[in-house]
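To start, the structure under review is shown below, and the notes come after it.
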Amino acid sequence: MFTKSFIVVFMVMGITAGASQVSKDSELYETLKQKDSLLFDAAFNTCEMPVLQSLFTEDFEFYHDKAGVTEGKAAFLGGISESCARWIGQGPQPAKRNLVNSSLEVYPLRKNGELYGAVQHGVHHFEFLDENQEYQKGDIAKFTHIWLLDDGNWKLKRELSYDHQSQ
């Protein structure tokens with residue numbers, strides 16, 4: 001009895017997990033990969049606050065395994081804005097974020113058959129400038145994003161950044 005129940009549960013979990021990730025050549029995957037790139041480019045490279053403003057829901061929440069929780073779009077973007085103000089025009093960016101391309105996964109969220117959001121998961125690593133203005137390897141970490149489709153626009157509602165490890 002136990003063995004049979006275990007096998008059925010295991011099969012259902014496997015079928016659900018295997019069927020839910022979208023293909024890497026799907027429109028949804030490509031759209032959210034582009035949103036990921038836009039998000040981190042604006043946050044780390046260009047400090048384009050209007051772009052960042054357009055990407056988050058007002059009730060955005062950020063969960064970080066080392067820095068804690070940041071609640072609200074304004075609080076989260078305020079921190080980025082302060083960081084940008086310290087370095088913009090002062091030389092190279094102090095940090096870089098690099099997506100591990102093969103790690104990116106996208107899982108659609110549907111209600112009554114209608115797409116309303118997606119879970120995006122992946123791995124990224126960071127580089128930081130040292131005192132000699134040379135980039136050094138920083139942490140590698142996992143991330144999970146909850147994107148919602150809001151009137152035709154993808155908005156980031158939740159972000160988890162976890163399992164930070166030294167490279």
Side-chain angles (χ1 to χ4, degrees), residues 3-46 48-77 79-80 95-127 137-167:
T3 304
K4 201 178 242 184
S5 296
F6 178 77
I7 291 170
V8 169
V9 168
F10 182 76
M11 287 175 58
V12 168
M13 287 174 42
I15 290 168
T16 302
S20 60
Q21 182 181 344
V22 298
S23 168
K24 293 190 180 212
D25 62 359
S26 71
E27 182 180 349
L28 178 59
Y29 180 91
E30 288 297 326
T31 297
L32 291 184
K33 183 177 180 184
Q34 186 264 344
K35 290 290 183 185
D36 174 84
S37 179
L38 186 63
L39 166 66
F40 285 99
D41 184 57
F44 280 89
N45 300 330
T46 63
E48 291 182 67
M49 296 311 293
V51 170
L52 289 171
Q53 285 283 342
S54 73
L55 291 174
F56 295 92
T57 63
E58 292 300 323
D59 62 346
F60 171 75
E61 293 177 354
F62 179 64
Y63 298 87
H64 193 282
D65 63 349
K66 294 188 176 185
V69 179
T70 303
E71 295 183 53
K73 173 177 155 177
F76 182 73
L77 294 182
I80 292 174
K96 289 183 182 181
R97 181 264 191 174
N98 301 299
L99 174 66
V100 177
N101 278 325
S102 63
S103 72
L104 197 62
E105 300 172 345
V106 174
Y107 300 84
L109 299 173
R110 298 181 191 282
K111 182 175 182 178
N112 299 325
E114 291 288 320
L115 181 68
Y116 72 90
V119 175
Q120 182 183 50
H121 175 74
V123 176
H124 50 199
H125 61 90
F126 299 89
E127 297 177 10
K137 288 184 179 180
D139 288 349
I140 188 165
K142 296 175 183 169
F143 67 92
T144 300
H145 293 161
I146 306 295
W147 291 92
L148 297 181
L149 196 51
D150 179 28
D151 200 23
N153 298 308
W154 286 99
K155 303 262 184 174
L156 190 55
K157 183 164 181 80
R158 301 287 183 267
E159 180 175 352
L160 291 81
S161 184
Y162 55 97
D163 195 27
H164 286 79
Q165 309 276 328
S166 297
Q167 292 189 73

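All values derive from a computational prediction rather than experimental measurement. Any value given below was found using the heavy atoms of this structure, including those in side chains, with hydrogens, waters and symmetry copies removed.
Residues Ser26 and Ser23 share a closest heavy-atom pair of OG-O, 2.8 Å. Counting all heavy atoms, side chain and backbone alike, Lys24 lies closest to Asn101 at NZ-O, 4.3 Å. Shown here for Met49 and Leu77, the closest heavy-atom pair between the two residues is CE-O, 3.5 Å. The heavy-atom pair separating Leu32 from Gln120 by the smallest distance is O-NE2, 2.8 Å. Listed here is the closest heavy atom pair of Thr144 and Tyr162: OG1-OH, 2.9 Å. Closest non-hydrogen pair, Pro108 versus Ser20, comes out as CD-O, 2.9 Å.
The ring pair (Phe, Tyr, Trp, His ring centres under 6.0 Å) test applied to His124 returns Phe40, Phe126, Phe143, not counting sequence neighbours. Taking the salt bridge (Lys or Arg N to Asp or Glu O under 4.0 Å) definition, one finds that Lys142 meets it with Asp163, sequence neighbours left out. Scanning for salt bridge (Lys or Arg N to Asp or Glu O under 4.0 Å) contacts around Arg158 gives Glu61, with sequence neighbours left out. Contacts of Phe56 classified as ring pair (Phe, Tyr, Trp, His ring centres under 6.0 Å), with partners at least two apart in sequence or in another chain: Phe60, Phe76. Under the ring pair (Phe, Tyr, Trp, His ring centres under 6.0 Å) criterion, His121 pairs with no residue at all, not counting sequence neighbours. With sequence neighbours left out, Glu127 forms a salt bridge (Lys or Arg N to Asp or Glu O under 4.0 Å) with no residue at all.
For the atom pair CG (Leu28) and CD (Gln21), the distance works out to 11.0 Å, reported to the nearest 0.5 Å. Between the CG atom of Asn153 and the NZ atom of Lys35 there is a distance of 6.5 Å, given to the nearest 0.5 Å. We find the CG-CG distance between Leu149 and Leu109 to be 11.0 Å, quoted to the nearest 0.5 Å. Note that the OG1 atom of Thr46 and the CG atom of Leu38 stand 8.0 Å from one another [nearest 0.5 Å]. Here Asp59 contributes atom CG and Lys155 contributes atom NZ; the two are 11.5 Å apart, rounded to the nearest 0.5 Å.
Aromatic ring orientation, His64 versus Phe62: tilted (interplanar angle from 30° to 60°).
Side-chain N or O atoms of Lys73 include none that pairs as donor or acceptor with a backbone N or O of Leu55 at under 3.5 Å. Using a distance-only test at 3.5 Å, with no hydrogens or angles considered, no donor-acceptor pair links the side chain of Gln167 to the main chain of His125. Under the 3.5 Å distance criterion, the side-chain polar atoms of Lys66 are left unmatched by any main-chain donor or acceptor of Ser161.
There is no side-chain donor-acceptor pair under 3.5 Å between Glu114 and Tyr116.
Within the 4.5 Å cutoff, the side chain of Leu104 has heavy atoms near those of the Tyr29 side chain. Considering only heavy atoms from C-beta on, Asp150 stays 4.5 Å or farther from Lys157 through its side chain. The shortest distance between side-chain heavy atoms of Leu39 and Leu156 falls below 4.5 Å.
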